[in-house]
Amino acid sequence: MMLKSITESFATTIHGLKAGHLTDRVIQRSKRMILDTLGAGFLGTSTEVFHKASQYSKIYSSNITSTVWGRPDIRLPPTYAAFVNGVAIHSMDFDDTWHPATHPSGAVLPVLTALAEALPRSPKFSGLDLLLAFNVGIEVQGRLLHFAKEAKDIPKRFHPPSVVGTLGSAATASKFLGLSSTKCQEALAIAVSHAGAPMANAATQTKPLHIGNAAKHGIEAAFLAMLGLQGNKQVLDLEAGFGAFYANYSPKVLPNLDSYSWLLDQQDVAFKRFPAHLCTHWVADAAASVRKNLVAETALLPIDYIKRIVLRIPNVQYVNRSFPDSEHEARHSFQYVACAMLLDGSIAVPAFHECQINRPQVRELLSKVELEYPPDNLPSFNTLYCEISVTLKDGATFTHRSDTFYGHWRKPLSQEDLEEKFRANVSNMLPSDTVESLIKIVENLEDLEDCSVLTTLLKGPSPPEMASNSSAYNNSITNLS
């Protein structure tokens, strides 16, 4: 018997995995990921980058449309609904993070809600169908990341969701649409030619497009494969194929379906408690502990008495921003998050508004920050730590080291706190009864007979008022159509 290629192995697995392969742990973990991702997406609809992406997407029309979460006034072709929802999910960097490093859920969940709503099917797509296709997309991302040693570190060249997320999205769409193994193989090949975005666009409004594009391009790859478009049938086997994205690429065939083991069974994800790059959560944890030595619970931080602040962190340059000028830069700044936590004692969504970033007290603290890179502090979400030392003008120094934080996979959020995060994120978009209904539906997703129950709630209530934008921008959109 001829050995399968790596690409054929992936296609066979995508096609062959059944709901019966899902374990209880995988189902429970993926439902938590889905709830958290929906919350990040709803919150993200308030951002400027979401508004720009949705305004742009309105130039496309189709007889088949899907919902933009929380925006009943916007209906788009499924590919663009997935794009806009994906942008919303990552617009504040509030979505989940996995190891090896990527944001796994944002590239696949928008695919499923868009397709479930847009495509007629009898019987209807069930919650179990959604869970299976979701986990197939997560699994493909994880397996690809494990093929390269480079991927185990925090990225330097390509943003992982733009690479593995695009293939995960294609796998999810292929599974949900019931593509044959051969068509799954073609969809993966097509998706590779859609993949890749540089880390240079981290901390800008363009970074959320990486997630949106991954969702959109995955659907496109599956649709094009259905129409007979062909690609290289060994695209995952070759250095000139998927291997072009990672040094020392060493792919392997996937486990046999008879004894399949899910990566999500072995490795949970991290859920963030505030909207910023995951590295900054170690900094916040350490700074919160040091602050307790500097001030009483209700007192103000004695900024004038602080001589210097030293952060001992991994060398992750795109999260090194001494004086961030925008919300996106602040979300990618060790320095800002440390100073905001020292100053305020907590960090939440408003901490990244420009009025907060530009406070004189914050700028003064930022001027006192120094960075050190201990050689044992490697840039991996699985091993990194943060140590902060605050030295006062009288010579006293207070130090704390954080090896993990609440929300990391080693110290996971409780279900109660995950649900509270969801409520906080969607409370301005949905009535409280709808919020509670969504929590209940996701909690029992494997028993849901018809996904339209979920997608109907995602539409939201009466159309919210869209933020106005400049006439020049609106004219530019008009000129595109």
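For the numbers below, each heavy atom of this structure counts, side chains included, while hydrogens, waters and symmetry mates do not.
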Might you work through the ring-ring contact (aromatic ring centres under 6.0 Å, His included) test for His210 and His90, ending with a clear yes or no?
CA-CA 9 Å; His210 300 175; His90 198 54; 7.9 Å; no
For Trp409, give me all partners under side chain to side chain donor-acceptor pair (under 3.5 Å), at least two apart in sequence or on another chain.
Asn382
Measure from the ring center of His99 to the ring center of His146 and say whether it is less than 6.0 Å.
no
For residues 126-133, which side-chain N or O atoms pair as donor and acceptor with protein atoms under 3.5 Å away, sequence neighbours left out?
residue, atom, partner, partner atom, Å
Ser126, OG, Leu128, N, 3.3
Ser126, OG, Asp129, N, 3.0
Ser126, OG, Asp129, OD2, 3.2
Asp129, OD2, Ser126, N, 2.9

Just by distance, no angles: are the side chains of His332 and His277 close enough, under 3.5 Å, to form a donor-acceptor pair?
no
Check the pair Trp69, Thr45 against side chain to side chain donor-acceptor pair (under 3.5 Å), reporting the backbone distance first and the verdict last.
CA-CA 8 Å; Trp69 300 347; Thr45 62; over 6 Å; no
Do Phe158 and Met199 come close enough that some side-chain heavy atom pair is under 4.5 Å?
no
Do any pairs count as a salt bridge (Lys or Arg N to Asp or Glu O under 4.0 Å) and have a residue in residues 155-165, sequence neighbours left out, and if so which ones?
Glu150-Arg157
Test side chain to side chain donor-acceptor pair (under 3.5 Å) applied to Asn135 - qualifying residues, sequence neighbours left out:
Ser30
Which residues share a side chain to side chain donor-acceptor pair (under 3.5 Å) with Thr67, sequence neighbours left out
Arg75, Glu117
Holding to ring pair (Phe, Tyr, Trp, His ring centres under 6.0 Å), I want the full list of residues that pass it with Phe422, two or more places apart in sequence or in another chain.
none
Taking distance alone, no hydrogens or angles, what donor-acceptor pairs closer than 3.5 Å link side-chain atoms of residues 264-271 to residues at least two apart or in another chain?
residue, atom, partner, partner atom, Å
Asp265, OD1, Thr23, OG1, 3.4
Asp265, OD2, Thr23, OG1, 2.9
Gln266, NE2, Ser261, OG, 3.0
Gln266, NE2, Trp262, O, 3.4

Is there a donor-acceptor pair closer than 3.5 Å between any side-chain N or O of Thr166 and the backbone N or O of Ala195?
no
What pairs with His328 under side chain to side chain donor-acceptor pair (under 3.5 Å), at least two apart in sequence or on another chain?
none
Can you check whether Leu224 reaches Glu186 side chain to side chain, under 4.5 Å on heavy atoms?
no
Quick one: are Leu115 and Phe223 in side-chain contact, heavy atoms under 4.5 Å?
yes
Output yes when a side-chain donor or acceptor of Asn320 lies under 3.5 Å from a complementary backbone atom of Asn315, and no otherwise.
no
Please list all pairs meeting ring-ring contact (aromatic ring centres under 6.0 Å, His included) that have one or both residues in residues 160-198, counting only residues at least two apart or in different chains.
Phe125-Phe176, His194-His217
Distance-only donor-acceptor check, side chains Arg32 and Gln415, under 3.5 Å
yes
Side chain to side chain, Thr204 and Glu329, heavy atoms closer than 4.5 Å:
no
In the structure I gave you, are the side-chain heavy atoms of Phe242 and Phe147 within less than 4.5 Å of one another anywhere?
no
Quick one, Glu436 with Lys440, criterion salt bridge (Lys or Arg N to Asp or Glu O under 4.0 Å). Give me CA distance, side-chain angles, the key distance, then yes/no.
CA-CA 6 Å; Glu436 297 308 314; Lys440 184 63 69 174; over 6 Å; no
Parallel, tilted or perpendicular: which one describes the rings of Phe405 and His281, with boundaries at 30° and 60°?
tilted
Does Ser181 have any side-chain contact (heavy atoms from CB on, under 4.5 Å) partners at least two apart in sequence or in another chain, and if so, which?
Ala11, Thr12, His15
Is it true that a side-chain atom of Arg410 and a backbone atom of Asp403 form a donor plus acceptor pair closer than 3.5 Å?
yes
Residue pairs, two or more places apart or on separate chains, that pass salt bridge (Lys or Arg N to Asp or Glu O under 4.0 Å) and touch residues 270-280:
Asp93-Lys272
Under 3.5 Å donor-acceptor pairs involving side-chain atoms of residues 245-260, not counting sequence neighbours:
residue, atom, partner, partner atom, Å
Tyr249, OH, Leu236, O, 2.4
Asn256, OD1, Asp258, N, 2.8
Tyr260, OH, Glu139, OE2, 2.6

For a 4.5 angstrom cut-off between non-hydrogen side-chain atoms, does Phe352 reach Pro275?
yes
Side chains of Thr37 and Asp95: is there a donor and an acceptor less than 3.5 Å apart?
no
Give a yes or no answer on whether the side chain of Ser91 reaches the backbone of Thr47 with a donor-acceptor pair at less than 3.5 Å.
no
For Tyr406 and Asp285, which I'm curious about, is there any donor-acceptor pair between the side chains at under 3.5 Å?
no
4.5 Å side-chain heavy-atom contact, Val108 and Phe134
yes
